[in-house]
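Predicted model, so just to flag it, every value in this text is computed and none were measured.
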Amino acid sequence: MIDVDKWQEIYLTVKRHKLRTGLTAFGVFWGVFMLVVLLGAGKGMENGVKQSFDRMENLVFIWSSGKTTLPYAGLSKGREVRLNDDDIKAIMNNVDGVARVAPTNFMGGQNVEHLDNNDVLEVTGEYPVLIAMQPYDMVEGRFINELDIQERRKVAVIGSRVRQVLFEPGQDPVGRDIQINNVFFQVVGVFNSRRPGEDADRDSERVMVPNTTLRYIFNQGDRVHRLIVMPQPGIRSEIVEQRVDKLLRERHKVHPQDPSGIGTFNMQQEYEKVQGLFSGIRLFSWVVAIGTIIAGAIAVGNIMLIVVKERTREIGIRKALGATPRSIVLMIVQESVVITAVSGYMGLVLGVALLEVVNRLLSALGGGNRFFANPEISFEMASVAICVLIAAGLLAAWLPAAKAAAVDPILALQEE
């Protein structure tokens with residue numbers, strides 16, 4: 001049952017000291033507001049970076065890394081290692097924990113034309129599995145498929161920048177022909193990259209054709225320039241990396257300690273470093289914000305001490321009339337919790353509102369950039385913030401309430 005008298009007392013107390021209460025409550029408000037903003041901004045950065053890692057969190061990249069620098073198995077140093085189709089089969093058949101392998105062949109910058117428009121663009125040969133392993137979104141048409149690979153079709157998937165260079169604004173490139181070194185390819189799709197920075201720029205200027213078509217037309221034989229390996233769920237990529245590296249070194253007679261010959265890169269290790277960075281940012285946000293909230297709670301506690309001092313005579317009368325220490329404590333605690341809860345809740349609401357405004361602005365601008373996207377605070381974090389508020393209110397009320405409960409009625413009635 002709601003005790004209207006107690007709430008009325010709180011209202012009158014706050015009303016009598018509006019400026020003092022407002023300045024005190026601002027500390028709690030600002031602490032919660034900063035907590036929400038810092039956590040939301042950190043989440044926005046995390047979302048942006050995660051977006052750039054999409055589908056790539058645990059990939060292993062493998063490539064031929066120059067000539068060997070150490071002799072091995074009776075072979076001299078200075079040999080060039082060339083990965084091939086048999087290596088792909090060996091990895092799939094002999095390495096446990098491998099889910100997919102995506103080979104890539106490069107041609108570097110090539111002259112690409114469409115009617116009177118042309119530019120030097122990167123051309124690569126890919127397999128259909130690549131689209132499931134890279135942060136690419138098909139904005140028009142389709143990606144390379146298995147029939148393209150089997151039949152060595154002359155089709156191409158182009159980046160968003162290639163479309164702007166070769167085609168007129170509003171012109172649909174799907175179904176039209178482009179020339180790569182005077183060989184005609186039909187455009188079947190346009191893709192957009194969500195990788196960060198310069199990586200996305202390079203992707204947008206890429207023309208991808210079926211791997212088998214590129215190797216057949218441009219005489220690359222069975223050579224493969226790079227492999228992207230995806231581990232099976234639950235298998236750490238560093239384990240797969242070690243297994244694949246060992247297999248390829250055995251197949252191509254490369255010394256286990258040779259820094260050259262075969263190169264590898266483990267994306268999962270980089271991803272975990274980024275995750276650790278954002279964990280540190282979240283911890284820093286909590287430390288700063290909770291420190292501010294505690295400072296605000298101390299200010300509230302000081303105000304409550306003044307309130308107890310001012311109301312000493314009133315408290316004495318209450319106790320003389322039979323009020324228990326418990327009721328006196330609850331009176332002080334309730335007033336303190338109300339001040340901290342209301343000010344903190346306002347900080348929570350305004351912080352969330354600010355994040356929502358920023359989120360809407362980013363959406364209007366295309367979803368944000370590749371390093372900041374969708375700033376937000378989760379329900380769990382908001383719940384924790386509310387718990388912190390309640391704890392701050394109780395902390396602020398503890399000493400004043402204890403002092404009020406210890407008031408001697410006789411001495412209090414003599415208070416001037």
Side-chain angles (χ1 to χ4, degrees), residues 52-108 124-136 144 146 149 195 199 202 208 210-212 214-215 220-277:
S52 67
F53 274 98
D54 186 29
R55 307 175 196 169
M56 299 176 60
E57 297 92 341
N58 63 343
L59 298 183
V60 177
F61 294 82
I62 302 168
W63 63 93
S64 301
S65 178
K67 297 182 180 180
T68 58
T69 59
L70 297 175
Y72 185 66
L75 300 174
S76 62
K77 64 179 181 179
R79 294 177 295 109
E80 183 178 358
V81 176
R82 293 192 172 191
L83 303 178
N84 53 51
D85 288 334
D86 291 337
D87 292 325
I88 301 171
K89 296 176 183 177
I91 291 172
M92 293 301 298
N93 294 332
N94 300 309
V95 178
D96 293 332
V98 173
R100 295 173 175 173
V101 178
T104 295
N105 280 59
F106 300 98
M107 286 187 63
T124 63
E126 308 291 356
Y127 274 77
V129 69
L130 182 73
I131 194 67
M133 303 169 71
Q134 296 286 286
Y136 299 154
I144 297 165
E146 289 296 338
I149 297 294
R195 295 206 293 172
D199 290 334
R202 284 195 295 268
M208 295 187 285
N211 189 282
T212 52
L214 181 143
R215 289 195 285 170
Q220 291 191 2
D222 68 343
R223 184 176 182 182
V224 175
H225 294 151
R226 185 190 68 186
L227 300 174
I228 304 177
V229 180
M230 175 182 286
Q232 294 175 355
I235 305 295
R236 289 191 59 81
S237 59
E238 60 189 281
I239 296 175
V240 171
E241 179 186 22
Q242 294 170 1
R243 292 172 180 172
V244 173
D245 182 66
K246 180 180 179 182
L247 174 69
L248 293 178
R249 287 178 181 273
E250 290 174 351
R251 286 179 55 79
H252 293 276
K253 302 296 188 292
V254 178
H255 194 285
Q257 305 302 322
D258 196 334
S260 188
I262 294 175
T264 65
F265 176 77
N266 185 341
M267 185 65 76
Q268 188 171 34
Q269 292 179 346
E270 299 302 313
Y271 181 73
E272 289 176 350
K273 289 179 183 178
V274 172
Q275 289 293 92
L277 172 63

### For the student: nearest non-hydrogen atoms of M230 and A132, plus distance
CE-O, 3.9 Å
### Message
Please check this pair: side chain of E126 against backbone of M208, looking for a donor-acceptor N/O pair closer than 3.5 Å.
### Response
no
### Task
Kindly indicate whether the side chain of R79, heavy atoms from C-beta on, has any atom under 4.5 Å from the side chain of H252.
no
### Task
Provide the closest heavy-atom pair for W63 versus F265 in the form atom of the first, atom of the second, distance.
CZ3-N, 3.7 Å
### Task
Would you name the heavy atoms of M133 and A102 that are closest together and state the gap between them?
SD-CB, 3.7 Å
#### Entry: Minimum heavy-atom distance between F106 and H225, given as atom pair plus value
N-ND1, 2.7 Å
### Message
Does any part of the side chain of V244, heavy atoms only, come nearer than 4.5 Å to the side chain of V60, both counted from C-beta?
### Response
no
### Message
Quick one, L130 and Y136 - any side-chain contact, counting heavy atoms below 4.5 Å?
### Response
yes
### Query
For the side chain of T212 and the backbone of I149, is there at least one donor-acceptor N/O pair under 3.5 Å apart?
yes
#### Entry: Ion pair check, R215 and D85, cut-off under 4.0 Å
yes
### Salt bridge flag under 4.0 Å for residues R243 and D96
no
### Task
Please name the pair of heavy atoms, one in L59 and one in I228, separated by the smallest distance, quoted to 0.1 Å.
CD1-CG2, 3.8 Å
#### Entry: N93 side chain to K89 backbone, donor-acceptor under 3.5 Å
yes
### Query
So, for S65 and S260, which heavy atoms are closest and what is the spacing to 0.1 Å?
O-OG, 2.5 Å
### Task
Would you give the length of the straight line joining atom CG of N84 to atom CD of Q220, rounded to the nearest 0.5 angstrom?
13.5 Å
#### Entry: Atom pair OG1/CG of T124 and L214 - distance to nearest 0.5 Å
8.0 Å
### Message
Is the shortest side-chain heavy-atom distance between V224 and D87 below 4.5 Å?
### Response
no
#### Entry: Interatomic spacing from OG1 in T104 to CG in L83 - rounded to 0.5 Å
11.5 Å
### Message
A side-chain contact here means heavy atoms from C-beta on lying under 4.5 Å apart; do R251 and D86 qualify?
### Response
yes
### Query
Looking at side-chain heavy atoms only, is the closest gap between K77 and T69 below 4.5 Å?
no
### Query
Do H255 and T68 have side chains that get closer than 4.5 Å, going by heavy atoms?
no
### Query
Taking atom CD1 of I62 and atom CZ of R226, what is their separation to the nearest 0.5 Å?
11.0 Å
### Task
Could you check if a side-chain atom of V229 sits within less than 4.5 angstrom of a side-chain atom of V240, using non-hydrogen atoms only?
yes
### Query
Is there a donor-acceptor pair under 3.5 Å between the side chain of D258 and the backbone N or O of L70?
yes
### Query
Partners of E80 by side-chain hydrogen bond (donor to acceptor under 3.5 Å, both in side chains), sequence neighbours excluded?
R223
### Message
Quick check for you: to the nearest 0.5 Å, what is the distance between Q268 atom CD and R236 atom CZ?
### Response
4.5 Å
